[in-house]
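The basis for the numbers below is simple: all heavy atoms, side chains too, and nothing from hydrogens, waters or symmetry mates. No experiment lies behind these values; they were computed from the predicted model shown.
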Amino acid sequence: MKPLIIAIDGPAGAGKSTVAKLAAQKLNYTYIDTGAMYRAVAWQAIHEGVEPNNREIAGLARKLDVKLSYVDGKTKVAVAGQDITEAIRTPEVSRLVAKVAQVPELRDVMLKLQREMASQGGVVMDGRDIGTHVLPNADIKIFLTASIAERAKRRWRELTDKGYTIVLAELENEIACRDREDCEREVAPLIAAADAIQVDTTHLSIDDTVEKILNLCKERQTNV
């Protein structure tokens with residue numbers, strides 16, 4: 001059977017990465033975490049003191065030695081051999097990444113790299129503009145969403161489990177602001193592709209959501 005290209009988009013906290021990883025694992029596909037790629041650039045920008053909306057970000061990305069690997073069911077992210085998997089999930093990086101992602105020159109660098117990664121098929125890629133901009137010819141496009149309150153709760157649990165002290169109301173505000181930034185940016189804004197299948201995960205378990213995606217893949221393979 002033809003290896004599919006699967007694009008999963010949606011706002012922060014909708015469960016894209018978790019669902020995409022599990023779907024890729026069950027399909028024996030490659031998972032490409034575009035959010036982690038942008039977070040790695042944001043992390044490096046913090047360490048080099050580069051302003052997030054500066055064109056220097058693109059130059060930083062071109063020379064960044066970033067590697068994604070899938071180990072023991074988890075995506076590992078390394079820069080110049082240093083494991084930054086946990087470091088890119090800190091609140092500081094989370095607050096910066098939306099601004100970094102708005103730099104057109106950086107998105108051009110990432111676009112080329114992401115399309116190369118997906119060119120042979122057999123991939124699940126998630127982000128905010130995959131089905132609309134990065135992989136407009138993807139075989140399956142899914143737009144995951146959930147209420148702001150539910151997404152904030154998920155993020156709060158994730159951060160408190162790691163030892164961070166976070167106020168839930170502040171997280172709700174940050175997520176709402178992130179949504180506005182993503183939706184209103186001039187370059188590749190967050191929007192569902194016209195042919196995307198929308199899945200609201202507010203009341204769905206992770207397993208239920210993954211099952212929906214696997215069923216869509218089976219239907220597509222049957223109809224090819």
Asker: Contact between Ile213 and Ile8 at the side-chain level, heavy atoms closer than 4.5 Å - yes or no?
Answerer: yes
Asker: Within a radius of less than 6.0 Å around CG of Asn28, do more than 12 heavy atoms belonging to other residues, nucleotides or ligands occur?
Answerer: no
Asker: Minimum heavy-atom separation for Pro136 to Lys141, with atom names?
Answerer: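 Closest approach of Pro136 to Lys141: O-NZ, 2.6 Å.
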Asker: Looking only at heavy atoms, which two atoms of Ala87 and Val93 are closest? And how far apart?
Answerer: O-CG2, 3.7 Å
Asker: How far does OG1 of Thr202 sit from CD1 of Ile148, to the nearest 0.5 angstrom?
Answerer: 10.5 Å
Asker: So which heavy atom on Ala40 is nearest to which on Val79, and how close?
Answerer: CB-CG2, 4.3 Å
Asker: Between the side chains of Asp207 and Ser205, does any donor sit under 3.5 Å from an acceptor?
Answerer: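 No pair is found: no donor N or O on one side chain lies under 3.5 Å from an acceptor on the other.
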Asker: Pick from Asp33, Ile88, Val97, Leu96: which one makes a side-chain contact (heavy atoms from CB on, under 4.5 Å) with Tyr38?
Answerer: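 Checked Asp33, Ile88, Val97, Leu96 against Tyr38; only one passes side-chain contact (heavy atoms from CB on, under 4.5 Å): Val97.
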Asker: Would you say the side chain of Cys217 lies within less than 4.5 Å of the side chain of Ile140, judging by non-hydrogen atoms?
Answerer: yes
Asker: Give the minimum heavy-atom separation between Ile57 and Ala45, together with the two atoms involved.
Answerer: CD1-CB, 3.7 Å
Asker: Counting only heavy atoms not in Lys26, do more than 12 sit closer than 6.0 Å to its NZ atom?
Answerer: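 No.
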Asker: Can you check whether Glu219 reaches Leu216 side chain to side chain, under 4.5 Å on heavy atoms?
Answerer: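 Yes, close enough: below the 4.5 Å cut-off.
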Asker: Rounded to the nearest 0.5 Å, what separation is found between the NZ atom of Lys153 and the OG atom of Ser147?
Answerer: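 That separation rounds to 7.5 Å.
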Asker: With clusters defined by side-chain heavy atoms of hydrophobic residues (ILVMFWY) lying less than 4.5 Å apart, directly or transitively, does Leu159 cluster with Ile206?
Answerer: no
Asker: Considering only heavy atoms from C-beta outward, does the side chain of Met37 approach that of Leu113 to under 4.5 Å?
Answerer: yes
Asker: If we ignore hydrogens and angles and just use 3.5 Å, is the side chain of Thr85 paired with the main-chain N or O of Lys76 as donor and acceptor?
Answerer: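 Checking the backbone N and O of Lys76 against the side chain of Thr85, no donor-acceptor pair under 3.5 Å is found.
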Asker: Can you check whether Asp129's main-chain N or O pairs, donor with acceptor, with Asp9's side chain at less than 3.5 Å?
Answerer: yes
Asker: I need the Ile130 CD1 to Leu135 CG distance, nearest 0.5 Å.
Answerer: 6.0 Å
Asker: Testing the 3.5 Å rule here: is there a donor-acceptor pair between the side chains of Thr18 and Arg154?
Answerer: no
Asker: So do the side chains of Phe143 and Leu190 get within less than 4.5 Å of each other, counting heavy atoms only?
Answerer: yes
Asker: Are more than 12 heavy atoms from other residues, nucleotides or ligands located less than 6.0 Å from atom CD of Gln120?
Answerer: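 Count not over threshold, so no.
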Asker: Report the distance from atom CG of Leu27 to atom CG of Leu214, rounding to the nearest 0.5 Å.
Answerer: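 Leu27 atom CG to Leu214 atom CG measures 5.5 Å (nearest 0.5 Å).
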Asker: Is there a path of hydrophobic side-chain contacts, each under 4.5 Å between heavy atoms of I, L, V, M, F, W or Y residues, that connects Val103 with Ile46?
Answerer: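 Result: yes, single cluster for both.
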Asker: Does the pair Arg155/Glu158 count as a salt bridge with the N-to-O cut at 4.0 Å?
Answerer: yes
Asker: Does either side chain, that of Ser94 or that of Arg39, offer a donor lying less than 3.5 Å from an acceptor on the other one?
Answerer: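 Arg39 and Ser94 do have a side-chain donor-acceptor pair below 3.5 Å.
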Asker: Would you say the side chain of Met117 lies within less than 4.5 Å of the side chain of Val123, judging by non-hydrogen atoms?
Answerer: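 With C-beta onward as the side chain, the pair stays apart.
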Asker: Using atom types as modelled and distance alone, determine if a side-chain donor or acceptor of Arg107 lies under 3.5 Å from a backbone N or O of Gln102.
Answerer: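 Side chain of Arg107 to backbone of Gln102, a donor-acceptor pair under 3.5 Å: no, none is there.
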Asker: Atom CZ of Arg151 and atom CG of Leu144: how far apart are they, to the nearest 0.5 Å?
Answerer: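 With rounding to 0.5 Å, CZ (Arg151) is 11.0 Å from CG (Leu144).
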Asker: Look only at the side chain of Asp139 and the backbone of Leu4, and say whether a donor-acceptor pair between them is shorter than 3.5 Å.
Answerer: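 The answer is no, because no donor-acceptor pair under 3.5 Å joins these two groups.
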Asker: Closest approach of Ala20 and Asp126, non-hydrogen atoms and distance?
Answerer: CB-CB, 4.1 Å
Asker: Do Ile191 and Val199 belong together in a cluster built from hydrophobic side chains that touch within less than 4.5 Å?
Answerer: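 Cluster IDs for Ile191 and Val199 differ.
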Asker: Are any of the side-chain heavy atoms of Glu48 and Glu56 separated by less than 4.5 Å?
Answerer: no
Asker: How long is the straight-line distance from CG of Leu168 back to CG of Asn173, given to the nearest 0.5 Å?
Answerer: 11.5 Å
Asker: Test of understanding: clusters of I, L, V, M, F, W, Y form through side-chain heavy atoms closer than 4.5 Å, transitively. Do Ile84 and Val50 belong to the same one?
Answerer: yes
Asker: Are any non-hydrogen side-chain atoms of Met110 and Thr34 less than 4.5 angstrom apart?
Answerer: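 The answer is no, as the side chains (C-beta and beyond) never meet within the 4.5 Å cut-off.
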Asker: Which heavy atom of Leu106 sits nearest to which heavy atom of Ala61, and what is that distance?
Answerer: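 Between these two residues, the closest heavy atoms are CD1-CB, 3.3 Å.
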